[in-house]
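Just so it is clear, the values below take in all heavy atoms, side chains as well, and ignore hydrogens, waters and symmetry mates. Each ligand, and each atom within it, is numbered from 1 in the order the structure gives.
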Amino acid sequence: MSGVPYRVIAIDGPSGSGKSTLAAALAAELGLEHLDTGAMYRAVALAVLRRGLEPDDADAVATLARAMSIEVSPGSVVVNGEDATAAIRTPEVTAIASVVAANPDVRTELVRRQRAWVEDRRGGVVEGRDIASVVFPGAELKLYLTASSETRARRRAEETGSQAEATASEMAARDARDTTRAASPLVRADGSHEIDTTDVPVGQLVKEVLKMLDTPDQGRHEFTRLEHRVGAKVEYKPPTRGSLLFFAVCRAIAATICRLFCRVTVEGRENLPASGPYVFAPVHRSYVDWIVLACISRRRVRFMAKDTLWSSRFVGWLLEALGTFPVHRGSADRAAFSLCVKILAEGEPCVLFPEGQRRSGPVVEDLLGGAAYVAARARVPIVPVGIGGSERVMQKGKALPRPYKVHIVVGRPIYPLATESGSRVPMRVVKEITAQLQGDIQELFDRAQRRAGAA
Ligand code: DC
């Protein structure tokens, strides 16, 4: 893991709202690079035209997007080795760019490339339509720009040398496609600051935004206290051959029992990162949640478990042999969180139940910030997981499990890029990631419950 912090500024808004101008000026002020993600969708649209493909032939366009090379740098766009800076701005390309951008597989591919672009540069000012909502929900600052439709049409017409009236009606059609499409539509993300740029000179806008970056928010203060409590040093035991083998054997036994006893089925395995660390964040309705997770992946995952379980010598030994580590409930246990960050930094996945303890019923609410905090601190993705039916298998207070079906749904990872200089993670970031996690887990849990026949 790199210890270099990322600084990401996310700017979204419709065309002509002033994103590119602001992004370029901010990037220059902050010593960062600027990525125009719209240019990437335009690059795919250009390649579609050049190949003579139908823009709505989803499979062919997605295949093309995966295979092509796109290099976007300030002032130049190179597509498959050819300078396409001017070619991607023609009316023909503009007309189909929003059709191409509604293709979910194209979006998946371009979002992956956008994240890689930021990773390579250790940060950046990124503009588009879904940057704050999908690509970098954990960005340090999220802006949503708007402007009156006349102003937007005038700006675009000045850029392209066309008539403002014609531009206005084309823009309205593209806006409608961008805001109503199913995949990552243009929306103001939670936590985005909305700025109307209609009558604001660029210089003033940049000054205001720089002020926003300098002003610590209230939550940050609160969070610093938590960080002091969780920052202590703890010992990390690297995996040995013996411990990995022991885990592998126990996991295989657990998975077999679960499949036979609860007919466990798993959906969404492809969402698990193939390698590297991540935080597993499952819903928690039963003790069997620990065990059924064995059916998802063969990799060793490290669990955090309440320290009172260590009161039995045998259980304590077993848990430790499995790589589990204790957390003291009821407080932010600095040693446990610190160890968790260390484990992730060493490349191992970790399980944290964001509800903090077993809960009951269909609603996922009041998540604790621990999972989001460690993920942002270690700069790793969080994988939300819904486990359906486990409460029927073993309710709170019951001593023996009953053979009901369990269905697990693994969700798409959330990438909370830590965005502060230094290792501090602002409370605002933790809150935003936690809110997103809560929504995702609820959706996955609902689906898993239905598929398990427990809804
Ligand atoms: O910002 P622009 O006009 O260059 O964007 C071209 C198209 O790409 C436009 O229809 C919106 C779409 N787009 C998108 O869907 N998501 C982004 N992150 C950026 C642009």
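- Nearest protein heavy-atom neighbour of atom 7 (C) of ligand 1: A97 CB, 3.9 Å.
- A distance-only check finds a donor-acceptor pair linking the side chain of N80 to the backbone of S69 [under 3.5 Å].
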Problem set entry | Step-by-step side chain to side chain contact (heavy atoms under 4.5 Å, CB included) determination, V93 to L49 | CA-CA 8 Å; V93 170; L49 284 178; 3.8 Å; yes
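- Applying the 4.0 Å criterion to heavy atoms of T37 picks out, from ligand 1, the atoms 17 (C), 18 (N), 19 (C).
- Close approach to S98 involves these atoms of ligand 1, each under 4.0 Å from a residue heavy atom: 10 (O).
- Residue contacts with ligand 1 for E127 are absent, since no atom lies close enough (heavy atoms, distance under 4.0 Å).
- Here the CG-CG distance, from L344 to L339, works out to 9.5 Å after rounding to the nearest 0.5 Å.
- For ligand 1, the atoms closer than 4.0 angstrom to any heavy atom of D178 are 9 (C), 10 (O), 11 (C).
- For the residue pair R155 and T197, a side-chain donor N or O sits within less than 3.5 Å of a side-chain acceptor on the partner.
- Between R181 and ligand 1, a contact under 3.5 Å exists for at least one N or O pair.
- In terms of protein heavy atoms, atom 8 (O) of ligand 1 is closest to Y41 CB, 3.5 Å.
- One N or O on the side chain of D289 and one on the backbone of S286 form a donor-acceptor pair closer than 3.5 Å.
- Counting heavy atoms under 4.0 Å from ligand 1, residue R174 touches it through the side chain alone.
- Heavy atoms of Q114 stay at 4.0 angstrom or farther from ligand 1.
- Under a 4.0 Å criterion applied to the non-hydrogen atoms of A101, ligand 1 contributes the atoms 12 (C), 15 (O).
- Side-chain atoms of R285 never come within 3.5 Å of backbone atoms of S390 as a donor-acceptor pair (strictly under, hydrogens ignored).
- Residue contact check: G128 has heavy atoms under 4.0 Å from atoms 17 (C), 18 (N), 19 (C) of ligand 1.
- For the atom pair OG1 of T179 and CZ of R129, the computed distance is 10.5 Å after rounding to the nearest 0.5 Å.
- The nearest protein atom to atom 20 (C) of ligand 1, hydrogens excluded, is given as G38 CA, 3.5 Å; this is a heavy-atom distance.
- Side chain of N103 to main chain of V106: a donor-acceptor pair is present (N/O by atom type, distance under 3.5 Å, no hydrogens or angles).
- Within 6.0 Å of CZ in R66 there are more than 12 heavy atoms belonging to other residues, nucleotides or ligands.
- Proximity of R42 to ligand 1, defined as any heavy-atom pair under 4.0 Å, is confined to the side chain (atoms from C-beta onward).
- A distance of 9.0 Å separates CZ of R112 from CG of L110, quoted to the nearest 0.5 Å.
- Within the 3.5 Å criterion, the main-chain N or O of R263 finds a donor-acceptor partner in the side chain of K405.
- Taking a cut-off of under 4.0 Å to the non-hydrogen atoms of R156, the atoms of ligand 1 that pass are 3 (O).
- Of the protein's non-hydrogen atoms, the one nearest atom 13 (N) of ligand 1 is R129 CG, 3.6 Å.
- Heavy atoms of M171 found under 4.0 angstrom from ligand 1: none, in either backbone or side chain.
- Closest to atom 16 (N) of ligand 1, if we only count protein heavy atoms, is R107 NH2, 3.0 Å.
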